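Owing to the predicted nature of the structure, the values given are computational and were not obtained by experimental measurement.
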Amino acid sequence: MTVSWPTIEWTWAPLVLLALTAVGIVMADLFMRAPRPALWMQLGLLGLLAAGTAVVLKIPDGVSAFNQAVRYDGLGRLGVLVILAGGCLIVLISHRPVRRDELPAAEYFALLLLVVLGLATLSISFELMAIFLSVEMVSVGVYILAGLRRGDTRGSEAAMKYFVLAAFSAGFLVLGFAFLYGGAEGSTLLGRIALAVHRPSTPFTVGCVLAGFALALTGFAFKLTLVPFHLYAADVFDGAPTPVAAVLAALSKAAGLIALIHLLSPLRIVSNETMQSALTQDFTGLLWIFAALSIVVGNAVALVQRRIKRMLAYSTIAHSGYLLIGVLVFLDNTVRMAEVETAILVYLIAYVLMNVGAFGVAAALGPAGEGEIEHYAGLARRSPALALAMTVALLSLTGIPATAGFVGKLTLFARAVEAGHIALVVLAVLGSAVSAYYYLRIVVYMYMRESSTETVGADTDAAPLELGHKIGLILSTAATVLFGVFPQTLLFLLKIL
Amino acid sequence: MSPEIVQAVIFYFLAAMLVVSCAIVVFSHSIVNACFALLFTLLAVAGFYALLGADFLAVTQVVVYVGGILVLLLFGILLTSPLPIVLGVATRRTYYLAVAAGAAVFAMLMIIVRAFWAGQPAVPEQQSTLEALGMLLLGKYLFPFEFASLTLLAALIGAAYLVRRNDR
């Protein structure tokens with residue numbers, strides 16, 4: 001047997017570019033006398049854009065690499081682009097928090113890039129070890145990013161909680177993967193696991209596959225903050241620096257969802273094989289319960305939150321429930337695969353944009369704006385532009401027409417109705433109606449309440465907003481409106497990229 | 001002496017070392033003594049691996065557990081307690097529970113061995129596992145291997161920042 005060194009290919013390029021940029025930032029920081037946050041931000045952006053360009057220009061649909069460990073399938077490839085674009089926006093909305101809180105800029109942007117690298121890899125991994133390692137890369141990066149404000153007790157609490165629970169859920173994930181490895185008779189490739197599902201050789205295999213999928217699903221439920229594995233979300237979002245919360249809210253869910261779909265793809269019904277359809281029925285039931293609980297609990301608990309980031313945390317839990325409907329539709333073969341994938345991608349893009357918008361405004365407002373909702377009273381008078389950006393993000397999160405959020409919900413729920421998940425769609429629509437109360441409450445505060453004297457005093461938005469932060473907010477808000485008013489542009493983009 | 005007898009002698013020596021040191025870990029009232037006894041437990045396990053021809057696993061066991069985990073434990077004791085720690089005395093009930101748990105694990109392992117590896121020789125053919133491992137790590141599993149190093153890099157950057165003093 002000879003070692004065959006893989007030739008240098010473009011399939012590596014995006015991942016290598018991100019890793020090199022991250023390492024380059026940390027190395028270059030050693031030679032700087034003064035902190036250079038703006039420079040590291042620009043370098044980070046450059047790395048993300050270069051990686052995105054490499055994907056768009058050089059990696060066609062369906063290419064695989066590293067002995068099938070990585071495959072740029074339709075969903076994964078566009079998922080990588082969504083994550084890279086979202087990464088760019090989050091780097092931009094980090095501008096003010098990094099400067100104001102004097103976060104260590106080089107470490108911050110390097111770790112942020114490594115987290116994005118982990119997420120990008122997660123959405124194209126077709127091998128158990130690669131999936132596990134990319135999940136770990138994200139977790140390790142986020143523990144540190146969450147605790148980056150060392151004196152801050154909320155930040156330390158967030159980092160510690162995330163550390164303990166992510167380690168715990170990683171245990172579930174890796175145990176599930178061990179069972180799947182056993183079920184696939186010693187292969188870590190998802191393709192081989194699919195074979196084990198379709199043609200199980202022994203009852204032992206059946207048991208392994210069942211236990212494996214159940215445990216792996218539990219691990220993913222933690223990552224996607226599905227009820228009842230959601231309890232850490234509010235504390236972590238509230239304590240972590242706001243752009244890091246945005247990474248967790250938007251990007252990590254997008255990547256986690258795509259990975260979950262890849263992992264469960266062996267269960268997508270292709271024929272009436274008994275073993276497979278029995279398994280699929282079990283897991284459809286399980287996913288149904290997860291989705292329904294997340295929608296109900298997420299929306300209900302969000303109603304009573306008094307701090308903005310805790311409210312957004314529960315809103316993302318509800319959105320995870322909506323997204324899970326997409327997974328359910330995917331498992332059903334009555335809807336064409338390409339249509340399901342488009343619906344999921346449209347929802348994910350809208351979801352990333354509106355979350356970046358909401359968290360970006362909170363980050364721009366400083367500690368007061370990241371805290372109590374009362375602080376938003378009268379914001380429209382104090383800073384009309386920020387109030388407008390927040391309004392667009394919140395309307396989109398509610399799913400009001402002429403915003404991207406509406407288009408996302410419409411396409412996803414339409415597919416779900418086609419697949420016959422009517423009860424769940426009714427639940428989701430009712431949930432969205434409830435969510436209007438807690439989203440629009442902030443809009444009411446911003447436009448119809450007078451700011452009290454102490455909120456004006458607590459404002460840190462007296463200084464003009466940094467250029468990067470402005471660009472990030474303008475891009476996310478404009479895209480939310482553009483994709484909402486002209487959904488064809490989004491479909492066109494998905495087609496040409 | 002034939003190789004079988006030598007192997008048997010080594011096996012029983014290691015087994016005795018394992019049982020005795022385990023007993024000390026469990027029954028010792030001083031946490032430092034328990035820690036040092038654990039050293040011999042872990043070394044005995046490494047010896048078993050070597051005896052079974054898993055040379056890489058044996059070395060890893062020594063490096064990771066003896067070199068890393070055990071030192072970490074001792075550091076933990078050193079840093080947390082100015083006084084010698086006296087461990088709580090176990091009650092009769094805990095002993096019963098421990099014996100029951102041990103018996104259950106033993107039974108489970110016996111069932112697994114009987115069910116899956118009944119006809120197979122206890123010691124496989126001796127050959128170095130290093131070459132095969134190297135081939136797998138840099139061939140079939142190159143991607144996870146490289147990615148693991150990046151994950152460690154992220155952990156390293158974070159650790160270096162979190163323990164740095166605030167004077168910068």
Side-chain angles (χ1 to χ4, degrees), chain A residues 1-6 11-12 15-16 18-19 22-23 25-26 29 35 65-70 102-104 106-108 110-111 113-115 117-118 121 125-148 150-151 156 159 187-189 204, chain B residues 54 56-57 60 64 68-69 72-73 76 79-80 105 108-120 124-125 127-168:
Chain A
M1 187 177 144
T2 53
V3 181
S4 56
W5 285 93
T11 40
W12 297 51
L15 309 180
V16 171
L18 287 178
V23 175
I25 289 174
V26 178
D29 183 53
F66 296 107
N67 304 304
Q68 311 286 326
V70 159
E102 288 174 344
L103 298 178
E107 282 90 347
Y108 177 87
L111 285 168
L113 281 184
L114 286 176
V115 169
L117 167 64
T121 316
S125 292
F126 279 79
E127 199 254 359
L128 295 178
M129 280 194 281
I131 294 177
F132 180 71
L133 282 167
S134 34
V135 167
E136 279 307 284
M137 167 90 94
V138 177
S139 305
V140 167
V142 172
Y143 314 143
I144 302 159
L145 286 172
L148 220 47
R150 283 189 298 188
S156 307
S187 176
T188 51
L189 292 173
F204 177 68
Chain B
F56 183 75
L57 200 56
T60 316
V64 173
I69 307 274
L72 210 61
L73 270 179
L79 292 175
T80 49
V105 172
M108 193 175 78
L109 286 176
M110 285 312 284
I111 291 168
I112 292 171
V113 169
R114 289 284 150 98
F116 293 103
W117 297 294
Q120 294 176 22
E125 274 181 56
Q127 56 175 3
S128 170
T129 55
L130 276 179
E131 196 188 335
L133 267 172
M135 289 288 183
L136 284 177
L137 281 181
L138 289 179
K140 193 174 170 191
Y141 296 116
L142 178 66
F143 185 70
F145 179 67
E146 293 293 341
F147 207 79
S149 59
L150 269 180
T151 310
L152 289 176
L153 176 75
L156 208 62
I157 294 173
Y161 169 72
L162 289 179
V163 300
R164 198 162 66 192
R165 269 187 293 171
N166 262 330
D167 50 20
R168 197 178 137 174

Residue, of A/Val140, A/Leu133, A/Leu145, that accumulates the most heavy atom pairs under 4.5 Å with chain B:
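Counting heavy-atom pairs under 4.5 Å, the top option is A/Leu133.
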Chain B contact via [X] - side chain, backbone, both or neither, heavy atoms under 4.5 Å:
X        : value
A/Val115 : neither
A/Val138 : neither
A/Gln68  : neither
A/Phe204 : side chain
A/Leu15  : side chain

Quick check for you: to the nearest 0.5 Å, what is the distance between [X] atom [atom1] and [Y] atom [atom2]?
X        : Y        : atom1 : atom2 : result
B/Tyr141 : A/Thr188 : OH    : OG1   : 4.0 Å
B/Ile157 : A/Leu114 : CD1   : CG    : 5.5 Å
B/Leu150 : A/Ser134 : CG    : OG    : 11.5 Å

Residues which pass ring pair (Phe, Tyr, Trp, His ring centres under 6.0 Å) with B/Phe143, listed by chain and number, not counting sequence neighbours:
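Counting only residues at least two positions away or on another chain, B/Phe143 forms a ring pair (Phe, Tyr, Trp, His ring centres under 6.0 Å) with A/Phe66, B/Phe147.
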Testing the basics here: between A/Ala130 and B/Pro144, what is the closest heavy-atom pair and its distance to 0.1 Å?
N-CG, 4.4 Å
